[in-house]
Amino acid sequence: MIRLPLLPTVIKNLFKSPATNPFPKTEPIPVPDNFRGRIVYNVDKCVGCRMCVTVCPAGVFVYIPEIRKVALWTGRCVFCKQCVDVCPTGALQMSDEFLLASYDKYDEKFIYVTPQDVEEIKKKQEEIKKAKQKSQ
Ligand code: SF4
Ligand code: SF4
């Protein structure tokens, strides 16, 4: 005698809706709290301590001595969150963003602090320095 123990389950499931999320026709499944998505860098909060450069296993950070800030190319990021945990000022955070596909590995969404930004930050720092000297 042939045994078909799964047959009742299969017949029952034929009349159920598929248990799938048909993305991109629908929204993606919501991420949980503390999800490790794309890194966000707040250059104004950065004090240039270089802790992130030391801990990052993927070489995402490059220290820029002339402005005492870091530049990031998050295309290499492995989402381990070590830089966020070690940053003393909260300049680094992990966002909920995970739809990061791109045709260009140097897409601007992967880069923080371009050579152009360096010039702007330099100018800003010089203005702040001059304003401080005047007020003394
Ligand atoms: S999350 Fe990990 S891999 Fe990504 S930038 Fe931070 S330390 Fe580097
Ligand atoms: S650990 Fe934070 S404050 Fe220190 S250099 Fe990195 S981003 Fe800046």
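Both counts, for ligands and for their atoms, begin at 1 and track the order of listing. No hydrogens, no waters, no symmetry mates; every other heavy atom, side chains included, goes into these values.
Per-residue contacts place Tyr41 under 4.0 angstrom from the following atoms of ligand 2 (heavy atoms of the residue considered): 7 (S). Counting the atoms of ligand 1 from 1 in the order shown, those under 4.0 Å from a heavy atom of Phe61 are 5 (S).
The aromatic rings of Trp73 and Tyr106 sit tilted relative to each other, their planes meeting at an angle between 30° and 60°.
Looking only at protein heavy atoms, the nearest one to atom 3 (S) of ligand 1 is Val78 N, 3.3 Å. The shortest contact between atom 2 (Fe) of ligand 1 and any protein heavy atom is with Cys80 SG, 2.2 Å. Nearest protein neighbour of atom 4 (Fe) of ligand 1, counting heavy atoms only, is Cys77 SG, 2.3 Å. Ranking the protein heavy atoms by distance from atom 5 (S) of ligand 2 puts Arg50 N, 3.2 Å first. Counting protein heavy atoms only, atom 1 (S) of ligand 1 is closest to Lys81 N, 3.2 Å.
Minimum interatomic distance between Tyr112 and Val40 (heavy atoms only, all atoms of both residues): OH-CA, 3.3 Å. Taking each heavy atom of Val113 and Ala71 in turn, the nearest pair found is O-CB, 3.6 Å.
Distances under 2.8 Å from atom 2 (Fe) of ligand 2 pick out the protein N/O/S atoms Cys87 SG.
Distance SG/Cys83 to CE/Met94: 6.0 Å, rounded to 0.5 Å. In this structure, the separation between CZ on Arg76 and CZ on Phe110 is 13.5 Å, given to the nearest 0.5 Å.
Using a distance-only test at 3.5 Å, with no hydrogens or angles considered, no donor-acceptor pair links the side chain of Gln82 to the main chain of Pro57. Checked by atom type and distance alone, the side chain of Thr74 never pairs as donor or acceptor with a backbone atom of Ile39 at under 3.5 Å.
A cation-pi arrangement is not found for Arg36 relative to Phe79, the charged atom failing to lie both closer than 6.0 Å to the ring centre and inside a 45° cone about the ring normal.
Distances from atom 8 (Fe) of ligand 1 to the heavy atoms of Ala58, Cys56, Pro57 put Cys56 nearest.
When heavy-atom distances to ligand 1 are checked against a 4.0 Å cut-off, Arg36 has no atom that comes that close, whether in backbone or side chain. Residue Val60 touches ligand 1 through its side chain alone, judged by heavy-atom distances below 4.0 Å.
Heavy atoms from other residues, nucleotides or ligands lying under 6.0 Å from CG of Asn34 number 12 at most. More than 12 heavy atoms of other residues, nucleotides or ligands lie within 6.0 Å of NZ in Lys109, so this atom counts as buried by the packing criterion.
For Val55, the heavy-atom gap to ligand 1 stays at 4.0 angstrom or more.
Lys122 and Asp117 are not joined by a salt bridge, as no carboxylate oxygen comes within less than 4.0 angstrom of a charged side-chain nitrogen.
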